[in-house]
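Below is one structure, written out as structure tokens; the observations come after it.
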Amino acid sequence: MPFLKSVLKQYDLVADKLKLDDRIRERLLYPKRSLIVSIPIEMDTGKMKVYEGYRVQHDVTLGPSKGGIRYHLNVNLKEVTALAMLMSWKCALMQLPYGGAKGGICCNPAVMSQGEIERLTRRYTTEIIGSIGPEEDIPAPDMNTNMQTMAWMMDTYSMQKGHTVLGVVTGKPLVLGGSLGREDGTGRGVFYMVEESIKVIEKELKGLRVAIQGFGNVGSIAAKLLYENECKVIAVSNSKGGAYNAAGINVKNLIQHAKKNKTVTDFPDVDNITNEDLLTLDCDVLIPAAIEGQITRYNANNIKAKIIVEGANGPTTPEADKILYDRGVLLIPDILANSGGVVISYFEWVQDLQFYFWKESEIQQRLKEIMVNIFNRVLPLSREKKIDIRTAAWMLGISRIAEAQKTRGLYP
Ligand code: NAD
């Protein structure tokens with residue numbers, strides 16, 4: 001099922017459960033603003049090429065919109081719209097003063113030079129400049145974008161305004177108003193959710209068998225923290241394939257190997273496996289941390305993990321959700337499990353607006369406090385209503401926005 005369709009289907013289910021007011025239900029169905037921009041840039045060959053970029057601001061009832069920028073060949077308006085909607089629910093669930101947005105450019109950065117990527121980023125920023133800003137919409141990194149991308153966006157925005165604006169994007173380098181702990185925030189949050197959810201099945205971190213799909217920012221950081229806490233990371237993968245060792249992989253060495261060779265396969269003492277194999281391995285916890293639509297009705301019955309912690313956005317389809325819930329698999333949904341990034345982005349924005357920066361220990365402690373607190377609100381709700389944790393999390397997020405919309409009223 002296409003991603004947007006499955007997000008809208010889930011929205012319908014939750015709106016029914018919440019008995020959401022018809023007017024609010026309809027308002028939240030549509031993004032506030034969707035931009036499609038063309039981005040002409042000069043390639044290194046001297047030829048010009050036009051890329052297509054998007055920025056969708058789904059809802060801004062609770063505050064400025066917030067969401068990442070993705071560079072990938074699969075980026076299109078529907079995907080960006082679905083991801084923007086998920087950001088609205090995520091920010092509301094985590095009680096941040098933000099609405100949801102997402103952006104991206106349909107491109108393959110793997111075949112582009114740094115110069116081409118910089119020109120692409122600066123021109124894209126210029127094309128969407130009228131609708132971003134610290135009080136309007138605050139982009140951040142996502143797939144294939146990073147601190148350097150954010151530095152270029154911040155510089156382009158600041159140049160046009162005529163003064164330095166730190167709070168226009170988050171996920172920036174420290175020297176440009178970035179926050180300590182931002183780069184590993186999402187992976188660290190995933191780790192906190194593993195730590196919290198295994199209490200439900202009375203397991204401990206030591207010896208916990210974990211399989212992780214995706215070995216980028218989210219997957220590799222989660223893997224590193226789990227490894228440092230004595231878990232057995234038995235398998236990891238990236239787009240080229242996976243590595244498996246039932247006795248556990250030395251994650252620190254694998255990170256070096258992956259940096260050097262751009263693959264996690266062909267590493268000493270591991271068997272090469274496919275991404276499909278990884279998802280159905282015998283393990284305690286499965287962390288999909290790559291792309292959407294990985295756990296479907298075709299493989300959900302074969303998943304052996306007792307807990308799934310969604311590092312990626314939208315890795316499980318609604319049909320698979322139902323199968324997993326009926327089978328008693330505890331699934332910690334994306335909008336909670338990978339919220340560490342946006343929570344620390346919020347900390348970064350607050351620090352930028354105050355020109356006052358916090359210690360890393362303070363940041364980690366506040367992140368853990370927020371995530372564990374929300375986990376302990378969502379889990380009881382799912383049990384009380386006999387619903388899966390995703391539905392409970394969406395209900396909390398959507399009802400917060402609905403309450404705010406109702407209180408603000410309909411303009412004019
Ligand atoms: P990344 O680009 O750093 O890493 C992505 C990883 O997934 C890479 O290892 C890549 O090889 C792998 N991958 C890509 N396609 C794959 C496929 N078909 N099968 C298996 N592996 C594949 O990206 P990231 O920042 O780690 O983001 C991963 C996911 O987490 C995305 O869904 C993103 O939206 C989500 N997310 C990221 C953040 C963040 O702060 N980075 C925050 C919230 C959610």
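Counting from 1, the numbers follow the sequence of the chain as shown.
Counted within 6.0 Å of CD on Glu26, heavy atoms from surrounding residues, nucleotides or ligands total 12 or fewer; the atom is thus considered open. Summarising the local packing, CD of Gln354 is surrounded by more than 12 heavy atoms from other residues, nucleotides or ligands at distances under 6.0 Å. Under a cut-off of 6.0 angstrom, the local environment of CD in Glu403 is sparse, with at most 12 non-hydrogen atoms contributed by other residues, nucleotides or ligands. Remark: Lys78 NZ is loosely packed, at most 12 non-hydrogen atoms of other residues, nucleotides or ligands lying under 6.0 Å away.
Inter-residue side-chain proximity for Arg366 and Trp358 is flagged as met; some heavy-atom pair is nearer than 4.5 Å. A 4.5 Å side-chain heavy-atom check between Ile308 and Pro288 finds at least one atom pair inside the cut-off. Looking at Leu379 and Glu196, their side chains never come closer than 4.5 Å, going by heavy atoms from C-beta outward. Residues Gln294 and Thr316 are not in side-chain contact: their nearest non-hydrogen atoms beyond the backbone lie 4.5 Å or more apart. Contact of the Leu330 side chain with the Ile332 side chain is registered, since non-hydrogen atoms from C-beta on lie closer than 4.5 Å.
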Check the pair Ser131, Arg33 against side chain to side chain contact (heavy atoms under 4.5 Å, CB included), reporting the backbone distance first and the verdict last.
CA-CA 9 Å; Ser131 61; Arg33 185 182 286 144; 3.4 Å; yes

Check step by step if salt bridge (charged side-chain N to carboxylate O under 4.0 Å, His left out) holds for Lys224 and Asp184.
CA-CA 10 Å; Lys224 182 172 142 278; Asp184 68 1; 5.5 Å; no

Assess whether side-chain hydrogen bond (donor to acceptor under 3.5 Å, both in side chains) is satisfied between Asp137 and Ser65, documenting all intermediate values.
CA-CA 4 Å; Asp137 179 20; Ser65 47; 3.0 Å; yes

ring-ring contact (aromatic ring centres under 6.0 Å, His included), that's the test. Do Trp349 and Tyr98 meet it? Break it down for me.
CA-CA 11 Å; Trp349 177 75; Tyr98 288 145; 5.1 Å; yes

Check the pair Glu228 / Val251 against side chain to side chain contact (heavy atoms under 4.5 Å, CB included), numbers first and verdict last.
CA-CA 9 Å; Glu228 285 169 356; Val251 173; over 6 Å; no

Full working for side-chain hydrogen bond (donor to acceptor under 3.5 Å, both in side chains) between Thr391 and Lys385:
CA-CA 10 Å; Thr391 307; Lys385 304 264 181 212; over 6 Å; no

Could you walk me through whether Thr121 and Tyr71 satisfy the side-chain hydrogen bond (donor to acceptor under 3.5 Å, both in side chains) test, starting with their C-alpha distance in whole Å, then the side-chain angles of each, then the deciding distance to 0.1 Å, before giving a yes or no?
CA-CA 10 Å; Thr121 303; Tyr71 289 177; 2.8 Å; yes

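Between Glu79 and Arg70 there is a salt bridge, since a side-chain N of the basic residue sits under 4.0 Å from a carboxylate O of the acidic one. Taking 4.0 Å as the cut-off between side-chain N and carboxylate O, Asp142 and Lys102 count as a salt-bridged pair. Under a 4.0 Å N-O distance rule, the pair Glu127/Arg55 does not qualify as a salt bridge. Using a 4.0 Å cut-off between a side-chain N of Lys or Arg and a carboxylate O of Asp or Glu, Glu202 and Lys199 do not qualify as a salt bridge. At a threshold of 4.0 Å, the pair Glu195-Lys368 counts as salt-bridged, since one of the basic side-chain nitrogens sits closer than that to a carboxylate oxygen. Between Asp284 and Arg209 a salt bridge is recorded (basic side-chain N to carboxylate O distance below 4.0 Å). A salt bridge links Asp334 and Arg390; the closest N-O separation between the charged side-chain nitrogens and carboxylate oxygens is under 4.0 Å. Look at Asp44 and Arg119 and you find a salt bridge, because one of the NZ, NE, NH1 or NH2 atoms lies within 4.0 Å of a carboxylate O, short of that distance. A salt bridge links Lys172 with Glu348; the closest basic N to acidic carboxylate O contact falls under 4.0 Å.
If you check the side chains of Asp266 and Asn272, you find a donor sitting under 3.5 Å from an acceptor. Between the side chains of Glu292 and Asn313, no donor N or O sits under 3.5 Å from an acceptor N or O.
Atoms OG1 and CD, from Thr149 and Glu118 in turn, are 10.0 Å apart once rounded to the nearest 0.5 Å.
Under the rule for a side-chain hydrogen bond (donor to acceptor under 3.5 Å, both in side chains), Glu183 has no partner lying at least two apart in sequence or in another chain. Taking the side chain to side chain contact (heavy atoms under 4.5 Å, CB included) definition, one finds that Asp12 meets it with Arg25, sequence neighbours left out.
Of the possible donor and acceptor atoms, none in the side chain of Lys49 sits under 3.5 Å from a partner among the backbone N and O of Pro40. In this structure a side-chain-to-backbone donor-acceptor pair under 3.5 Å is missing from Asp155 to Ala151. A donor-acceptor pair is defined here as one N or O able to donate and one able to accept, closer than 3.5 Å; no such pair exists between the side chain of Lys32 and the backbone of Asp59. In this structure, Tyr227 contributes its side chain and Gly248 its backbone to no donor-acceptor pair below 3.5 Å. Checked by atom type and distance alone, the side chain of Ser382 never pairs as donor or acceptor with a backbone atom of Ile389 at under 3.5 Å. A donor-acceptor distance shorter than 3.5 angstrom exists from the side chain of His257 to the backbone of Thr265, with no hydrogens or angles considered. When atom types are taken as modelled, the side chain of Thr186 and the backbone of Gly341 share a donor-acceptor pair closer than 3.5 angstrom. Between the side chain of Ser237 and the backbone N or O of Gln213 there is no donor-acceptor pair closer than 3.5 Å. Within the 3.5 Å criterion, the main-chain N or O of Leu226 finds no donor-acceptor partner in the side chain of Asn229.
With Trp89 as the aromatic partner, Arg400 does not meet the cation-pi criteria of under 6.0 angstrom to the ring centre and within 45 degrees of the ring axis.
Taking all atoms of both residues into account, the shortest heavy-atom contact from Ser179 to Gln351 is OG-NE2, 3.0 Å.
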